[in-house]
S.K.: 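This is the structure, below, for whatever I ask next.
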Amino acid sequence: MPLLRGEKIKEEKSEAKGEPPRSAVCQLVKISLPDMPFILCGLLFLLGSVACEILIPCYIGKVIDGLVLDPSQQAFRAAITRLAVVAACLSFCTWARTWMFSMYVARVTARIRVGLFSSVMTQDLDFFDHHETGELVARVLSDVAVMGDSLSPNLDLCLKGLFCGVGVMMLMVQTSWQLSVLSVICLPAFAVSSHIYGVVMKATSKSSQEIMARMGEQAEENFANIRTVRSFAMEARETQLFHRAVTRLYGNGKIEAWTHSTFQPLTLLILSFLQVCALLYGGHLVQRHILSGGDLVTFVMFLNMVNTCVQIINSVFGLLTKGIGASQVVLQYLRRKPSHTATGTLVKSYLRGEVEFKDVSFSYPSRPHQTVLNKLSFRVKSGEVVALVGPSGGGKSTCVSLLQNFYRPHSGHVLLDGIPVEHYDHRCLHAKMSLVGQEPALFSRSIKDNIAYGLDACPDADIISAAKQANAHDFICAMSNGYETLAGEKGLQMSGGQKQRLAIDRALVRQPAVLLLDEATSALDSQSESKVQEALNSSREGRTVLIIAHRLSTVEKADRVVVIHRGRVVEQGSPSELLTLGGMFTSLARHQLLRTDSSAILN
Ligand code: ADP
C-alpha cells in the first residue's frame, strides 16, 4: 500500500496544542486523498441508506392510509411491496457503507502510523534531546490507535446521523409545517446541551492523552532501568507516582462518565416532551382534517428518527472529538520536518578518510547559550590513529557527533576528505564511517542481523571474519544457535564485554574508512581487551581511527593525541611529545589516565 502518496505535508512552526481542530480535520482530509474512492463510495451508500431510512416511515404512513382509505386494498399491497424493497436496499447500503468507512479508516490509520514513524526517525537529533522515548512510543502506537478506534465506527454513525437528521427534517416540513414549527421551538435546548457535551469531552480527552503519554514515559523508563530502580529501592515510590497519574486519569474518566450519562437522558427528555406535544396538536389537526392519520404516524416516526439521530450524534460526537484530539497531536508530529532539510547527495565509493575540524563553533540546540565547541580546529591524516583526550565535558563526544553529521556546527566546517560532511549522502557517509560507542546498542534480532545491521547484503564469511577480528567468534559459536541466536531485548542476554565485541564486529564488517571509538574497549576484561586491542590495531591498516580515550593503555597506541578542553584544542602531538611538555596531558596522565602501565611512558 503506498503510504503518504503524493502528499506534501506543510511545515508548520506552531505547536498543535494551540491549533484549532479545524486544521487537524483539514490535514486528515489531505492525508485521506488517496482513499477518496472509499470515502466517495461510502458517502454514496450512506446517502442510499439515509434515503431508504427516510422512505420507510413514508411507506408505513401509506400502508396505514391504504388500509383505512382504499377498500380494494390495492394501495395497501403496493405500499407493502415498496416497503419490503426499501428495507432490502437499506440492509445492503448499510453493509456497503460500513465496510467502505471501516476500510477508509484502516488505510488512513496505517498510512499515518508509517508516516509518523518515518517522520520521527528522520528528525534532527536535538528533537530526541527534547522528547522522551516513552512519549514518542505513545504517539506512534497508542495515539494512532485511539485515533483509529474512535474515528472508525463513529465517522460512519456521525455522518449518517447528520444526513438522516437533515433529510428527515426536510420531509417533516413537507408532511406538516404546523407540527414542524412546534418542533423548532425545542432546537435551542438541543444546541446548548450538545455544545456543553462536546466542550467537556474534548477537554477531558486531551488531558487524558497527556497523562497517558507521561505514564508511558514513566513505565518505559522504569522497565528499561529496572536494575537502577531496584538498587535505589525505588519500586514503591515509582509505583506511587504511577498511581498518582492513574488517579488523575480516573478523575477524567469520572467527568466523562457523568457528562455522558447526564446529557443522553437530557436529550431524551426534551424529545419525549416534543413527541407528546406533537401527538396532542397532531390529533387536533387530524380531527379538523388538516392532516391524515397516516401523515401523523409518519411525522411521529420522523420525530423518533430525529431523536435517534441526535442521540447518535451526541454519543459519537464525544468519541469523534476524542479521535480528533488524538489526531491533533499525531498530526503535529507528522508535519514536523527536520531543520536540516537539505540532505547531501554526494556519493563516493572510495574515501581516503582525512578528517578536519576547521574553526568549528557549536552549541546544542537544547542549550543554545552554552558554547560547547569554540573555534576548534584539528586535522587527522588518512590512516592516522588519533586519540581525543581531555577533562569530561570538554567536547570530545560532540566532535564525534558533528563528524557523523548528527548536528550542524554554527560556524566553521567539519570536513571529510576536504568536503563538508553534510554534503555527503546520508547512507554513503555512514557506510564509510563506523562508530563503536560506550554503550553498544543491540537490537532484538539475531546476532547475525545485528552485525550486518544497515548492510543490504553481507556474506556470512565477512561476518565471521570480522567476528574473529573482534574476538567475538568463539563466544558466538558457544551460544545455542550460534550466529542465529537472538541478542534479546537490548542485548540483555549478553555480558557488557560480549556486547562491546559484537559492536566492534559490526563496525569492522563494514570496512569503514574512518573508525570512531568512544572508549570502545572500556567494558572488556583485561584479557579480552588486549585481544580486541590487537584486532583494532591490525584493522587500522588503510583507515583513519579516532578514539575518545580515558585510559593511557588506549592512548599510548595512538599516533597522535589531541587534548580538548572547554571546546578548544589545547595541545596536540604524539603521546611521548606531550608528556615531555608538562601541560594538560601530563597532568591528566598523572591524575586520571595513568595506572600501572603509565610509568613506562612517564619515566
Ligand atoms: P566529553 O565527551 O568531552 O565528555 P561532551 O561532548 O559529551 O564532552 O559534552 C560537552 C558538553 O555538551 C557538556 O557540557 C555536556 O553536558 C553537553 N552536552 C552533551 N550532549 C548534549 C546534548 N545532547 N544536549 C545538550 N547538551 C549536551
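Both counts, for ligands and for their atoms, begin at 1 and track the order of listing. Fair warning: this is a prediction, and the values are worked out from it, not measured in the lab.
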S.K.: Between V372 and ligand 1, is there a nitrogen or oxygen pair with a distance under 3.5 Å?
M.R.: no
S.K.: When the aromatic ring centroids of H131 and Y333 are compared, is their separation below 6.0 Å?
M.R.: yes
S.K.: Need the ligand 1 atom indices (1-based, order shown) with element for anything under 4.0 Å from a heavy-atom of G394.
M.R.: 1 (P), 3 (O), 8 (O)
S.K.: Show the atoms of ligand 1 that are less than 4.0 angstrom away from any heavy atom in S366.
M.R.: 24 (N), 25 (C)
S.K.: I need the nearest protein heavy-atom contact for atom 4 (O) of ligand 1: residue, atom name and distance, please.
M.R.: G393 N, 2.7 Å
S.K.: Specify side chain, backbone, both or neither for D129, according to which of its non-hydrogen atoms lie closer than 4.0 Å to ligand 1.
M.R.: side chain
S.K.: With backbone taken as N, CA, C and O and side chain as the heavy atoms from C-beta onward, which portion of S397 lies under 4.0 Å from ligand 1: side chain, backbone, both, or neither?
M.R.: both
S.K.: Could you tell me whether E354 and K381 have a side-chain N and a carboxylate O separated by less than 4.0 Å?
M.R.: no
S.K.: For S397, which of I548, L402, L516 qualifies under side chain to side chain contact (heavy atoms under 4.5 Å, CB included)?
M.R.: I548
S.K.: Is ligand 1 less than 4.0 angstrom away from at least one heavy atom of G395?
M.R.: yes
S.K.: Hey, what do you get for CG (D474) to NZ (K468), rounding to the nearest 0.5 Å?
M.R.: 9.0 Å
S.K.: Write out the residue and atom name of the closest protein heavy atom to atom 26 (N) of ligand 1, then the distance separating them to 0.1 Å.
M.R.: Y364 CD1, 3.3 Å
S.K.: Classify the ring geometry between Y364 and Y407 as parallel (under 30°), tilted (30 to 60°) or perpendicular (over 60°).
M.R.: perpendicular
S.K.: Under a 4.0 Å N-O cut-off, is there an ion pair linking R408 with D124?
M.R.: no
S.K.: Between Q370, R367, R566, flag the one that comes closest to atom 16 (O) of ligand 1 by a heavy atom.
M.R.: R367
S.K.: For ligand 1, note which part of Y407 has a heavy atom under 4.0 Å away: side chain, backbone, both or neither.
M.R.: side chain
